Peer 1: 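Pasting a structure here, questions to come.
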Amino acid sequence: MKTRKNKTAIATATVGTNFRRTLLIIVSAILMGNFALSARAQCESKNDAFQSGEHVMYDLYFNWKFVWVKAGLASLTTNATTYHSQPAYRMNLLAISGKRADYFFKMRDTLTCVMGQKLEPRYFRKGAEEGKRYTVDEARFSYKDGLCFVNQKRTHRDGEVQEMEYSDSRCIYDMLTILAQARSYDPADYKIGDKIKFPMATGRKVEEQTLIYRGKENVKAENGVTYRCLIFSLVEYDKKGKVKVVITFFVSDDKNHLPVRLDMYLNFGSAKAFLRSVSGNRHPLTSVVK
């Protein structure tokens, strides 16, 4: 890793780290199994779940002293674009805490990824403001000789820049691309307790992530609709191997695999995100419980 000073001002939308890791990273990996391909080929996947124009909205709630308070909104949008003159998808996640929540913990999160039409990672950017902390992370992906390469850069508020390079024979994902790919996989063969592992670029390093399948449950969203959902937990392990749940998420049990609810366990407390509305979905929401 190399570090240098960069005094160039960086204008960027702001964002929150824990929610980000929560809402996208997680939901994505959700359905993604343990399978190996080969460099760029292993990063390519058929899109069966979403289409350009999809727009999903969420209400955010934080818990302070056993009281749940509506804290803000989040949106997830997907649109067609071009990258290096090639057709691609652009996915954006925005999470903003309201004025009431800012008093306790200010959060402004903007995540953007660009992926090819076969959903292979190309570019990722995350601007994050959490309390007094502000960073901008970028990751650029390339493929050569059976390897996936990622160049990452983190820029701090004071202009300090940290850079790192990493390569792997497996595909390396970012928080949004993993979500996009995972939504097309069929979890029908999953058994309760199954673990899903994958490497992910966080902007500063590449981390091994673990998801555990928990089963199914009916979940009522913020829009009053009840969905049949698949349940997954993103977990971390301490030095003694003890499991810590970072987030539990509930994904619609249909071809859309939409995140319906997220239960997040953050450093400053706990939070929840509830589906508020969805438009432009590719498939009927057959997971709705009538």
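These numbers come from a predicted model, not from an experiment.
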Peer 1: Any salt bridge linking Arg170 with Glu208? Criterion: basic side-chain nitrogen under 4.0 Å from a carboxylate oxygen.
Peer 2: yes

Peer 1: Which residues pass the ring-ring contact (aromatic ring centres under 6.0 Å, His included) test with Phe141, not counting sequence neighbours?
Peer 2: none

Peer 1: Under 4.5 Å between side-chain heavy atoms, counting indirect links through other Ile/Leu/Val/Met/Phe/Trp/Tyr residues: same cluster for Val278 and Phe274 or not?
Peer 2: no

Peer 1: Under 3.5 Å, side chain of Asn92 to main-chain N/O of Leu94, donor-acceptor pair present?
Peer 2: no

Peer 1: Among the clusters formed by ILVMFWY side chains lying less than 4.5 Å apart, do Met200 and Val246 turn up in the same one?
Peer 2: yes

Peer 1: May I ask whether Leu285 and Val289 are part of the same hydrophobic cluster, defined by side-chain heavy atoms of I, L, V, M, F, W, Y residues being less than 4.5 angstrom apart, directly or through others?
Peer 2: no

Peer 1: Which heavy atom of Tyr227 sits nearest to which heavy atom of Ala221, and what is that distance?
Peer 2: CE1-CB, 3.7 Å

Peer 1: Taking the inter-plane angle between the rings of Tyr89 and Phe50 on a 0 to 90° scale, is it parallel (under 30°), tilted (30 to 60°) or perpendicular (over 60°)?
Peer 2: perpendicular

Peer 1: So does Glu54 pair up with Arg183, basic N to acidic O under 4.0 Å?
Peer 2: yes

Peer 1: Over all heavy atoms of both residues, which pair between Ala139 and Gln152 is shortest? Give the atoms and the distance, please.
Peer 2: CB-CG, 4.0 Å

Peer 1: Do the side chain of Ser52 and the main chain of Ala80 share a donor and acceptor less than 3.5 angstrom apart?
Peer 2: yes

Peer 1: How would you list, by chain and number, every residue that makes a salt bridge (Lys or Arg N to Asp or Glu O under 4.0 Å) with Arg282, sequence neighbours excluded?
Peer 2: none

Peer 1: With a 4.0 Å cut-off on N to O distance, would you call Asp137 and Arg125 a salt bridge?
Peer 2: no

Peer 1: With hydrophobic residues grouped by side-chain heavy-atom distances under 4.5 Å, do Val56 and Leu73 end up in a single group?
Peer 2: no

Peer 1: Would you say the side chain of Trp68 lies within less than 4.5 Å of the side chain of Lys272, judging by non-hydrogen atoms?
Peer 2: yes

Peer 1: When you measure from the side chain of Thr81 to the backbone of Ala88, do you find a donor-acceptor pair of N or O atoms at a distance under 3.5 Å?
Peer 2: no

Peer 1: Measure from the side-chain N and O atoms of Asn256 to the backbone N and O of His283, and report whether any donor-acceptor pair falls under 3.5 Å.
Peer 2: yes

Peer 1: Is it true that Lys216 and Asp253 make a salt bridge, defined as a side-chain N closer than 4.0 Å to a carboxylate O?
Peer 2: yes

Peer 1: Check this for me: does any side-chain nitrogen of one of Arg276 and Glu222 sit under 4.0 Å from a carboxylate oxygen of the other?
Peer 2: no

Peer 1: Test Met115 against every option in Gln181, Met91, Arg90 by the side-chain contact (heavy atoms from CB on, under 4.5 Å) rule and name the one that passes.
Peer 2: Met91

Peer 1: Do Val219 and Leu262 share a hydrophobic cluster, counting only Ile, Leu, Val, Met, Phe, Trp and Tyr and linking them when any side-chain heavy atoms are less than 4.5 Å apart?
Peer 2: yes

Peer 1: Search all heavy atoms of Ile192 against all heavy atoms of Gly215 and return the closest pair with its distance.
Peer 2: CG1-CA, 3.9 Å

Peer 1: Would you say Ser233 and Arg214 are linked by a side-chain donor-acceptor pair, where the criterion is simply a distance under 3.5 Å?
Peer 2: yes

Peer 1: Mind listing the closest non-hydrogen atom pair of Met57 and Ser75 along with its distance?
Peer 2: SD-CB, 3.3 Å

Peer 1: Is the backbone of Gly280 close enough, under 3.5 Å, to the side chain of Gln51 for a donor and an acceptor to pair up by distance?
Peer 2: yes

Peer 1: Indicate the atoms forming the closest heavy-atom contact of Ser184 with Asp48, along with that distance.
Peer 2: OG-N, 2.8 Å

Peer 1: Could you give me the CA-CA distance, side-chain angles and deciding distance for Cys43 and Cys171, then say whether disulfide bond (SG atoms under 2.5 Å apart) is met?
Peer 2: CA-CA 5 Å; Cys43 287; Cys171 184; 2.1 Å; yes

Peer 1: Grab the two heavy atoms, one from Phe250 and one from Cys229, that are nearest each other, plus how far apart they are.
Peer 2: CB-CB, 3.9 Å

Peer 1: Mind checking whether Phe198 and Ile178 have side chains closer than 4.5 Å, heavy atoms only?
Peer 2: yes

